[in-house]
Every structure is written in structure tokens, then in C-alpha cells.
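Okay, so here's the structure we're looking at.
Residues: numbered from 1 along the sequence shown.
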Amino acid sequence: MQTISNFQYKIQQSRVQIARDYASFTDSLNVAKRLEHSIQKKPWAWISTLFFAGITLPWMLHKSTPFKSQERSFIPSLEKQKKTSFLSQSAMLGASLLKDKTLQLGLISVARLLLPIAQEAIVEYRARRKNDREYPSVK
């Protein structure tokens, strides 16, 4: 015959098991936590996927409009063009490319993706450098 204390113990154990099951169920439904775990487990797969998505989505969502030629307000002469540096020529080319909104949006989305990753890498690098300065290793 079972005593009251045995019943109380079984009830307490069943409550603990129900609490564990509930906690694991809520963890499985927590999308943000699952996504964070997945990103930590496979960061390069997420980076490459978001990079290509950031590049291709603006072109996929871009409405097709007929091409309109833009008039140039400034046409450099051949002599001036020879004298300009490579840096200024590349800056002019970059400015003309950034007029295209799809390329601009793609670059902005890639920069938004890579900025937090770069910040984290810089913080880790500075922490390692600080640690190396405080505790120099004997070589």
C-alpha cells in the first residue's frame, strides 16, 4: 500500500516533468532563439545567402521600364581626360554606377549585413591585441 508521501512525491515529479516539457516546447516555438542558434552554428552559409539575396532581390523586384538615355552636362575633353588620375576616373565611374537605384540598394543591403559582422571582428581583434599586450607570451 502506498503512503501519502509517495503520492506527493509522484505528483511533484510529474509537475517537474510537465515544467520541463513545457520549457522545451516553448524553446522549440521561439523562432528568434532558433534563428540565432542557426546563425551561430553556420555563419558563413547565412552570410553568403544574405549577400546573394541582397544583390539579386533589387533586380528581381525592379520594375522593367524602358531605357531612357541621360544627357550629360559635362563632357571632358581628351586632354583633360588624359590628365585625370585613376582615382578620379574610378570615382566618376562609381558615381555613375550608383545612380542606378538597384545597385545602390544592393550595396546598402550588403553593407547593412556586413557592418555588424565587421564590428564584432574588430572588437575581438582589439581584445586579443589588448590581451597580448598585457600577457606577452615567451617565444
Shortest non-hydrogen contact between A23 and T26, atoms and distance:
O-OG1, 2.9 Å
Short side-chain to backbone donor-acceptor contact, R34 and S28, under 3.5 Å:
yes
Contact between R20 and Q17 at the side-chain level, heavy atoms closer than 4.5 Å - yes or no?
yes
For the pair W44 and T49, evaluate side chain to side chain contact (heavy atoms under 4.5 Å, CB included) and give the outcome as yes or no after the intermediate values.
CA-CA 8 Å; W44 289 109; T49 302; over 6 Å; no
Any chance you could lay out the side chain to side chain contact (heavy atoms under 4.5 Å, CB included) test for K33 and H37, step after step, and finish with the verdict?
CA-CA 6 Å; K33 190 174 183 179; H37 177 69; 5.8 Å; no
Look at the side-chain heavy atoms of Ile, Leu, Val, Met, Phe, Trp and Tyr, link any pair under 4.5 Å apart, and say whether Y125 and I117 land in one connected group.
no
Could you measure the distance from the CG atom of N30 to the CZ atom of F25? Nearest 0.5 Å is fine.
12.0 Å
Check whether more than 12 heavy atoms from other residues, nucleotides or ligands sit under 6.0 Å from atom CD of E120, and answer yes or no.
no
Tell me the closest heavy-atom pair linking I47 and L113, and the distance in Å.
O-CD2, 3.7 Å
From I39 atom CD1 to K41 atom NZ, the distance as rounded to the nearest 0.5 Å
13.5 Å
Measuring only between side-chain heavy atoms, which start at C-beta, is I55 closer than 4.5 Å to F51?
yes
Rounded distance [0.5 Å steps], CD in Q119 versus CG in L114:
11.5 Å
Within 6.0 Å of CD1 in I4, more than 12 heavy atoms from elsewhere
no
Report yes if some heavy atom in the side chain of E36 is under 4.5 Å from a heavy atom in the side chain of Q40; otherwise report no.
yes
